[in-house]
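Each remark here refers to the structure printed beneath this line.
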Amino acid sequence: MSNSTKFSGVKLPLLLAAPQLLIVFIWFYYPSIQALYWSFTLEPPFGGDKVFVGMSNIIAVVTAPEFVDSLITTLIFTVGACSISIGLALIFAMFADYVTKGKKIYRMIFIVPYAVASPVVAAAWVFVLHPDLGLISFVNDIWPGAWDPFLNGTHAKILIIIAYAWSAIAYNFVFILAGFQSVPKALNEAAAMDGASPWRRYRDIYFPLLTPTLFFVTIMNVTESLTQSFGLIHAMTQGGPAGSTRNIVYKIFEDGFIGMDFSGASAQSIILMLLLVSMSVIQFTYIEKRVNYQQ
């Protein structure tokens, strides 16, 4: 018995989809079109006549040393945060998959961090890793100045990477654990009877069948690390010290809302959108070919 719904015409489906399409247009397409238009014009911060400047804004942005530095910071943050969050989530999911008692408690413990808002995560980790008051302050008692994210740019990068990775582990854990549980137990039992070690079973059975899930969480983590990192950076470092944690998203905020450079900020947002689209195309074109969708 089929549960599919069929419509005799197109008016009712369009009417039902209209509210969602309107929301998408208002909150996505219209701002994107407006940013694209502003990136080719010189927008006065307090109103006035617009001047069409062509590619000048984009050229000025990509040739600016500050923009190159923000791209490098973005790359370091994305690779570091995604690697830690996915790697730890994979380890936690491996152990949680073998838990026989109290499964719901373990899952709840690992899922809770995903429900914590970014400002709360920022405040918690600033306190935990505070050079004078935090749990790591004993290091500075032994080696003065060994850890200071408020003055050292490298330490500040480590701070925001740890905070973001901690908040993203829960999201990855849910999907990876579901991926582990979807693998037929008969395959694991047969391999165990043949004398395969636990590591051999994970390497030859679980990981190949888990590649679709890992592919999905990788795409989502890369995308969210570029777009959702603003809250943490703004609450923890404000892009400092000396711009060491100013990624491309935070630079767009500073140029657009603080510097009132609407044209430059729009040009950077268009470049960021192109980077996201390019990475998605590369991932689906080349990486997906190595993904195993069969059990």
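Along the sequence shown, residues are numbered consecutively beginning with 1. Note: hydrogens, waters and symmetry copies are ignored here, and every other heavy atom, side chains too, is used.
With rounding to the nearest 0.5 angstrom, the NZ atom of Lys11 is 14.0 Å from the CG atom of Leu16. Atom CG of Leu214 and atom CD1 of Ile219 lie 11.5 Å apart (nearest 0.5 Å). From Phe253, atom CZ reaches atom CD1 of Ile258 across 4.5 Å, with rounding to the nearest 0.5 Å. To the nearest 0.5 angstrom, Ile169 atom CD1 is 5.5 Å from Phe92 atom CZ. Between atom OG of residue Ser266 and atom OH of residue Tyr37 there is a gap of 11.5 Å, rounded to the nearest 0.5 Å. Atoms CD1 and CG, on Ile248 and Leu75 in that order, are 11.5 Å from each other to the nearest 0.5 Å.
Although no hydrogens or angles enter the test, the distance criterion places a donor-acceptor pair under 3.5 Å between the side chain of Ser263 and the main chain of Thr41. Under a 3.5 Å cut-off, the side chain of Ser244 and the backbone N or O of Pro241 do form a donor-acceptor pair. Side-chain atoms of Gln228 do not come within 3.5 Å of backbone N or O of Glu224 as any donor-acceptor pair. Formation of a donor-acceptor pair under 3.5 Å by the Ser182 side chain with backbone atoms of Gly179 is found in this model. With hydrogens and angles disregarded, a donor-acceptor distance shorter than 3.5 Å links the side chain of Thr245 to the backbone of Gly240. Without hydrogens or angle criteria, Ser137 side chain to Leu133 main chain gives no donor-acceptor distance under 3.5 Å. Side-chain N or O atoms of Asn57 include none that pairs as donor or acceptor with a backbone N or O of Gly264 at under 3.5 Å.
Residues Pro131 and Pro149 form a side-chain contact, since some pair of their non-hydrogen atoms from C-beta on lies under 4.5 Å apart. No side-chain heavy atom of Leu232 sits less than 4.5 Å from a side-chain heavy atom of Trp125. Counting heavy atoms from C-beta on, the side chains of Leu159 and Tyr164 never come closer than 4.5 Å. Counting heavy atoms from C-beta on, the side chains of Trp147 and Ile158 come closer than 4.5 Å. Proximity of Asp132 to Asp148: side-chain heavy atoms (C-beta onward) are nowhere separated by under 4.5 Å. Using a 4.5 Å heavy-atom threshold, the side chains of Val121 and Trp166 count as touching. In this structure, Ile233 and Gln238 have side chains that are not in contact, with every pair of non-hydrogen atoms separated by 4.5 Å or more. Contact annotation: the side chain of Leu177 approaches that of Phe173 to within less than 4.5 Å [non-hydrogen atoms, C-beta and beyond].
Under the side-chain contact (heavy atoms from CB on, under 4.5 Å) rule, Thr74 has a single partner from Asp69, Asn247, Val79, which is Asn247.
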Determine whether Trp27 and Leu22 satisfy the following criterion, side-chain contact (heavy atoms from CB on, under 4.5 Å), listing intermediate values before the conclusion.
CA-CA 9 Å; Trp27 294 103; Leu22 183 62; over 6 Å; no
Step by step, work out the side-chain hydrogen bond (donor to acceptor under 3.5 Å, both in side chains) result for Asn221 and Ser85.
CA-CA 9 Å; Asn221 276 253; Ser85 62; 3.2 Å; yes
Please evaluate residues Phe175 and Met220 with respect to the criterion side-chain contact (heavy atoms from CB on, under 4.5 Å), reporting the C-alpha separation (whole Å), side-chain torsions for both, the decisive distance (0.1 Å), and the verdict.
CA-CA 11 Å; Phe175 286 98; Met220 296 304 298; over 6 Å; no
Could you go through His155 and Phe150, starting from their C-alpha distance and side-chain angles, then the distance that decides it, and tell me whether this counts as ring-ring contact (aromatic ring centres under 6.0 Å, His included)?
CA-CA 8 Å; His155 297 171; Phe150 302 128; over 10 Å; no
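The minimum heavy-atom distance linking Ala165 with Ile84 is given by the pair CB-CG2, 3.7 Å. Residue Thr223 comes nearest to Leu276 through the heavy atom pair CA-CD2, 4.3 Å, listed as atom of the first residue, atom of the second, then distance. Closest heavy-atom contact between Val68 and Val62: CG2-O, 4.1 Å. Residues Ile161 and Ala81 come closest through the heavy atom pair CG2-N, 3.7 Å. In terms of heavy-atom proximity, Ile205 sits nearest to Pro208 at O-CD, 3.5 Å.
Phe67 and Met55 fall within the same hydrophobic cluster, where Ile, Leu, Val, Met, Phe, Trp and Tyr residues are linked whenever their side-chain heavy atoms come under 4.5 Å apart, directly or through other members. By the criterion of side-chain heavy atoms lying less than 4.5 angstrom apart, applied directly or through intervening Ile, Leu, Val, Met, Phe, Trp or Tyr residues, Met273 is grouped together with Ile59 in one hydrophobic cluster. Under a hydrophobic clustering in which Ile, Leu, Val, Met, Phe, Trp and Tyr are joined whenever their side-chain heavy atoms come within less than 4.5 Å, directly or via other members, Val116 and Val128 fall into the same cluster. No single ILVMFWY cluster, assembled from side-chain heavy atoms under 4.5 Å apart, contains both Trp38 and Phe28. Linking Ile, Leu, Val, Met, Phe, Trp and Tyr residues whenever their side-chain heavy atoms come within less than 4.5 Å places Ile270 and Leu71 in a single cluster.
Val139 meets the side-chain contact (heavy atoms from CB on, under 4.5 Å) test with Ile136, Trp143, Ala146; sequence neighbours excluded.
At a threshold of 4.0 Å, the pair Arg246-Glu254 counts as salt-bridged, since one of the basic side-chain nitrogens sits closer than that to a carboxylate oxygen.
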